[in-house]
Amino acid sequence: VEVIGDGQVVTSVKALNKTTNEEIDIPATGFFVAIGHKPNTDIFKDFLELDQTGYIKNIPGTSKTNVAGVFVGGDAADHVYRQAVTAAGTGCMAALDAERYLASMD
Ligand SMILES: Cc1cc2nc3c(=O)[nH]c(=O)nc-3n(C[C@H](O)[C@H](O)[C@H](O)COP(=O)(O)OP(=O)(O)OC[C@H]3O[C@@H](n4cnc5c(N)ncnc54)[C@H](O)[C@@H]3O)c2cc1C
């Protein structure tokens with residue numbers, strides 16, 4: 001809800017328990033954002049094969065998914081590296097695989 005400080009350093013964090021709606025103050029001397037650990041792939045769960053955490057499964061070494069003509073790149077399929085440069089690389093792989101897929105069709 002709020003990061004509280006004394007004007008110089010963090011002193012506590014106000015948190016909301018979403019189950020009980022109770023607000024609590026947690027004494028703290030630092031605040032670190034830890035986001036991006038669960039991929040935002042729920043919209044694909046009825047169409048593509050995902051792993052237990054929600055990462056889209058690809059055929060190793062390719063950007064191919066379990067559905068022909070659907071390719072994946074970036075963090076949505078990468079639970080190991082999750083970096084901008086690796087996302088760009090696998091995004092490029094997905095673009096090339098998509099282009100080749102389209103070129104192979106009549
Ligand atoms: C806090 C933090 C710090 C990081 N620091 C670094 C760093 O220092 N160096 C580094 O290399 N990497 C860093 N990363 C990782 C890097 O940001 C990611 O690896 C990279 O952005 C992944 O790119 P992406 O295109 O796969 O996904 P994203 O950049 O997450 O792009 C996905 C896009 O899809 C959009 N989207 C989601 N759902 C939908 C929808 N339903 N419809 C349409 N659009 C949708 C999102 O809005 C977003 O724009 C950091 C990540 C975090 C969270």
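First listed ligand is number 1; within each ligand, the first listed atom is number 1.
Every residue was checked against the side-chain hydrogen bond (donor to acceptor under 3.5 Å, both in side chains) condition with K18, not counting sequence neighbours, and none meets it. In this view, I4 and E2, T11, S12, K14, D25 satisfy the side chain to side chain contact (heavy atoms under 4.5 Å, CB included) rule, not counting sequence neighbours. Contacts of F44 classified as side chain to side chain contact (heavy atoms under 4.5 Å, CB included), with partners at least two apart in sequence or in another chain: T41, L48, I56.
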request  = Report the C-alpha distance between E23 and V1 in whole Å, list the side-chain angles of each, state the deciding distance to 0.1 Å, and finish with yes or no for side chain to side chain contact (heavy atoms under 4.5 Å, CB included).
outcome  = CA-CA 8 Å; E23 278 191 1; V1 175; 4.0 Å; yes

inquiry  = Let's go through S63 and D97 carefully: what are the C-alpha distance in whole Å and the side-chain angles of both, what is the deciding distance for side-chain hydrogen bond (donor to acceptor under 3.5 Å, both in side chains) to 0.1 Å, and is it a yes or a no?
reply    = CA-CA 7 Å; S63 71; D97 282 341; 2.6 Å; yes

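Using a distance-only test at 3.5 Å, with no hydrogens or angles considered, a donor-acceptor pair links the side chain of T65 to the main chain of V70.
Within 4.0 Å of ligand 1, the residues that place a heavy atom are I35, N40, I43, G74, D75, R82, Q83, A84, A87, listed by chain and number.
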